[in-house]
Structure formats: C-alpha cells, structure tokens
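Numbering starts at 1 and runs along the sequence shown. In each ligand, atom 1 is the first atom listed, and ligand 1 is the first ligand listed.
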Amino acid sequence: MFASLMSFDIKTLLVAVALATTLSAVTRILLWRTHPGIPGLGHWAGASVLGTMALLMIAMRNVVPEWLALSLAQMLIAMGFILMWDGFRRFVGRAPLSRPILMVLIVFAIGLIVASNVLQSLTFRASSNALWIALLSAMVAQELLSAARPREIAMRVSGWLYAISAALFFVRGFAVATGDAIVDPWNPDGLAALLLFWWLCFTMGATLGMVLMASERLQKELDHQASHDPLTGALNRRALLMFAEKELARCRRNGQPLSVLMMDLDYFKAINDHFGHQGGDEFLCRFVSSSQRVLRTEDVFCRFGGEEFLALLPGITSEQGLLVAERIRSAYRSEMENITTLSLPFNATVSIGISQYRPEEEIDDVIRRADTALYQAKANGRNRCELMEFCGAE
Ligand SMILES: Nc1nc2c(ncn2[C@@H]2O[C@H](COP(=O)(O)OP(=O)(O)OP(=O)(O)O)[C@@H](O)[C@H]2O)c(=O)[nH]1
C-alpha cells in the first residue's frame with residue numbers, strides 16, 4: 001500500500017528512533033533544568049525518560065521473558081503519556097489532572113496490560129497500546145489548540161502535531177484490531193513501518209515544539225515585565241507612551257477627541273508613615289484595581305511613577321473625561337473607606353487633572369496640561385478633579 005510512496009529499512013529506522021528518543025530526553029531534561037520556573041517542563045522530561053526506558057524494555061524482550069518486557073514497556077508508555085498530558089495542562093495554566101482522573105487512567109492502563117497477558121494476544125496488546133497513545137495525544141492536542149493565542153505559533157503547531165499523531169495511532173489501533181496484514185512490524189512497506197517513521201519525526205518535532213513553546217513563554221514574560229509595573233500590574237510609563245503615539249495618530253486620523261487624566265494619591269507620604277511602606281503599596285494596588293473597574297477596555301491606564309497614575313481616554317472629550325475622573329475618585333474613596341476611617345485621621349483620596357488633546361499637540365503637551373490641572377487640584381484642597389480648560393492656565 002505504501003510501497004509506492006516509500007520503503008523503510010526497519011532496523012535502521014529502529015536505531016534512528018532510539019537515538020531520537022534518547023536525544024529528546026536529554027534535551028527535555030536540559031530544558032527543564034535551565035527553566036525550572038516554567039510549569040510542566042519537568043513532566044515533559046519525565047515522560048521522555050519513561051519513553052526511553054520503554055524502548056530499552058522492548059530491546060530486552062529476548063533477554064527477559066517477552067511478556068514481562070512488553071508489559072513493562074506498555075506500562076512505561078502509558079505512564080509517560082499521562083505525565084505528558086499533565087505537563088501540558090500545567091504549562092497552559094490549567095489545573096493538574098485530579099487524583100480521581102489519574103486513578104481511573106492508571107487502573108485502565110493496568111487493566112489493558114493484564115488483559116493482554118491473560119489473552120496472550122500480541123494483537124490486543126499492540127492495538128490497545130496504539131489506541132492509548134491516540135487517546136492521550138488527542139487530549140494533549142485539545143489542551144494546546146484550545147489554549148494557544150494567535151501569536152503562540154509553536155503551541156498551535158505542536159497541537160496539530162499531536163492531533164495528526166492521534167489520528168495515525170487511531171488508524172493503527174483499529175487496523176491491528178481488525179487484523180489487517182499491513183501492520184506487520186517487519187514489513188518495510190506496512191503501516192507499522194510508516195508509523196515508526198512518523199514516530200521519529202514526531203519525537204523530534206514535539207521536542208523542538210517544547211523548546212520553542214518555552215522560548216515563547218519566556219519572551220511573553222519579558223514583554224510583560226518590560227511593559228508593566230511589577231507592584232500593581234498596571235502598564236508602565238514606557239508602554240503608555242507607546243500606546244499614546246498610536247492612539248493619538250488614530251484620533252488625528254478619525255478626528256476623534258482624546259483626553260488625559262493625571263492622578264496623584266493624596267497625602268501618600270502620611271499613609272506610608274502610618275501604615276508602613278508595605279501598607280502604602282496596598283493602597284497603590286487598591287487604587288489601580290478600583291480605577292480599572294470603572295474604565296473601559298479601550299482606555300489605557302498606567303502607573304506614571306511613584307503614586308502618580310495616568311489614563312488615556314480615546315474618543316472622550318475633557319467634559320466627559322471629568323465624569324470618568326469623578327468615577328475614579330469616588331471608586332477609590334469607597335474602596336478605602338472601611339480601612340482608613342478606622343485608623344487614619346484623614347480619608348485616602350486622589351486628586352485628578354484632566355486635559356483634552358488639541359490637533360497641533362504632541363502627547364507630552366497634553367500630559368503637561370493635565371499635570372498643571374492636577375497641580376491646581378492639589379492647590380485647591382485635594383480630593384478633587386480639575387479640568388485644564390477651567391483653571392485658566394491655557
Ligand atoms: N509605599 C510606597 N510608597 C511610594 C512608592 N513610590 C513613591 N512612594 C512614596 O510616595 C510618597 C509621595 O509623597 P509626596 O510626593 O510628598 O506626596 P504626598 O504625601 O502624597 O502629598 P500630596 O501629593 O501633596 O498630597 C513618598 O513618601 C514616596 O516615598 C511605592 O512604590 N510604594
């Protein structure tokens with residue numbers, strides 16, 4: 001059937017598979033040891049070690065009783081795939097496999113091995129093993145393809161690799177079960193040989209995919225660190241200025257308004273003195289979460305520095321911006337009321353300055369005018385919002 005496509009030298013193929021499996025195990029162990037903070041990598045390494053041991057068992061089937069070697073190999077493969085699935089779940093941020101599911105999988109795997117020995121059927125052993133690999137590969141494919149975001153190409157490609165593998169092993173499982181002649185493992189043109197060749201490609205592809213996925217993950221973390229404030233999780237000033245250029249260009253193009261809110265927590269030094277630096281940090285985090293709750297998804301909010309924050313409101317005039325600022329002010333006040341009235345001689349409040357972008361301006365000019373309005377709000381007694389246009393400084 002496959003003779004017209006390609007023909008394999010089975011012994012050479014087996015040596016290549018053994019080499020690729022061992023190399024994969026070494027690569028995955030190194031990947032895990034060099035990135036211990038990424039979840040799931042230890043499981044991938046463990047799975048590949050089990051895979052290598054399974055091959056060793058198959059190679060030893062003439063040295064130890066065949067049923068024992070094959071049973072151990074089957075068990076190692078079964079456990080390796082469970083470990084692999086669990087590792088992928090952890091990697092994509094899902095909960096590890098629960099104890100009951102693990103128990104069911106392990107009992108089922110043992111059941112298949114016992115049945116293979118009781119029936120003394122190589123056909124049953126081969127087909128149940130293939131169907132097991134197919135099933136767990138399908139689970140891995142589902143985890144990866146459903147979790148991959150558009151830019152996570154390595155995760156998407158790996159997902160498809162597992163999906164193709166699942167399909168091929170399902171075919172193999174059913175072909176063996178129905179006694180098709182093409183599954184003879186020593187037939188260089190048979191399905192078994194084709195699958196062995198696929199396994200060689202898959203082992204290398206899956207390991208390469210893991211390396212690329214780990215690198216994608218690291219890059220994502222680096223991007224996040226470069227653009228976010230580590231304490232509050234809000235965007236940092238650098239990221240805001242990047243967004244601001246884009247938003248400004250968009251508003252210029254569409255003739256839309258854009259407003260800027262400059263916010264500064266009041267009496268923050270006193271808050272620090274009263275609650276300590278860590279207590280002060282908690283106020284900063286609470287301000288960020290209460291503000292983000294009242295902003296739209298298209299608004300850009302950042303920690304501008306210290307206890308100063310800035311929000312960019314595309315499509316919003318300064319008068320509308322004043323309403324948004326009032327919402328932020330009251331949200332923060334009610335968020336902190338319970339804590340501060342108990343132990344502070346004053347309320348935890350915020351002062352906000354608002355300005356609206358004018359066609360000839362750059363972003364620095366709008367921010368400077370919002371800052372002037374903020375200064376005015378502080379001078380007028382704090383816990384208030386001032387609109388630049390109202391304070392007569394233009
Ligand atoms: N806890 C904490 N404090 C910070 C952080 N960044 C800056 N601060 C503190 O914020 C305080 C700002 O104090 P000031 O600039 O005097 O302002 P203020 O006390 O809020 O007074 P007004 O703004 O005039 O109401 C300083 O004591 C800084 O040490 C931070 O990340 N965490």
Sub-4.0 Å atoms of ligand 1 with respect to non-hydrogen atoms of L265: 20 (O), 23 (O)
Geometric N/O contact L231 with ligand 1, under 3.5 angstrom: no
Any side-chain donor near an acceptor of the partner, D266 and S351, under 3.5 Å: yes
Hydrophobic cluster membership, L261 vs V350, 4.5 Å side-chain cutoff: yes
For G306, the ligand 1 atoms whose distance to one of its heavy atoms is below 4.0 Å: 6 (N), 7 (C)
Main-chain N/O of L31 paired to H35 side chain as donor or acceptor, under 3.5 Å: yes
Interfacing atoms of ligand 1 (cut-off 4.0 Å, heavy-atom, R382): 22 (P), 24 (O), 25 (O)
Geometric N/O contact G280 with ligand 1, under 3.5 angstrom: no
Closest protein heavy atom to atom 19 (O) of ligand 1, given as residue, atom name and distance to 0.1 Å: K269 N, 2.8 Å
Residue, atom name and distance, where the atom is the protein heavy atom closest to atom 10 (O) of ligand 1: F268 CD2, 3.2 Å
Atom indices of ligand 1, in the order listed, that fall short of 4.0 Å to a heavy atom of D266: 20 (O), 25 (O)
Summary of salt bridge (charged side-chain N to carboxylate O under 4.0 Å, His left out) pairs that have at least one residue in residues 73-94, sequence neighbours excluded: D86-R90, R89-E143, R94-E143
Nearest neighbour of atom 3 (N) of ligand 1 from the list T349, D281, N272, D264, on a heavy-atom basis: N272
Subset of ligand 1 atoms that lie under 4.0 Å from at least one heavy atom of L284: 30 (C), 31 (O), 32 (N)
Under-4.0 Å salt bridge between D365 and R369: no
Between T349 and R329: side-chain donor-acceptor atoms closer than 3.5 Å: no
Heavy-atom check, side chain of I354 versus side chain of E386, under 4.5 Å: no
Side chain, backbone, both or neither: the part of R303 lying under 4.0 Å from ligand 1 by heavy atom: side chain
Atom 23 (O) of ligand 1: the protein heavy-atom neighbour that sits closest, reported with distance to 0.1 Å: K378 NZ, 2.8 Å
Any E282 heavy atom less than 4.0 Å to ligand 1: no
Same apolar cluster (I L V M F W Y, side chains within < 4.5 Å links), W160/L144: no
Taking atom 21 (O) of ligand 1 as the reference point, the nearest protein heavy atom with its distance: Y267 N, 3.8 Å
Parallel, tilted or perpendicular: ring planes of Y332 versus F287, cut at 30 and 60 degrees: perpendicular
Which residue and heavy atom of the protein sit nearest atom 17 (O) of ligand 1, plus the separation: E307 OE2, 3.4 Å
is_close_aromatic(W199, F202), centroid dist under 6.0 Å: yes
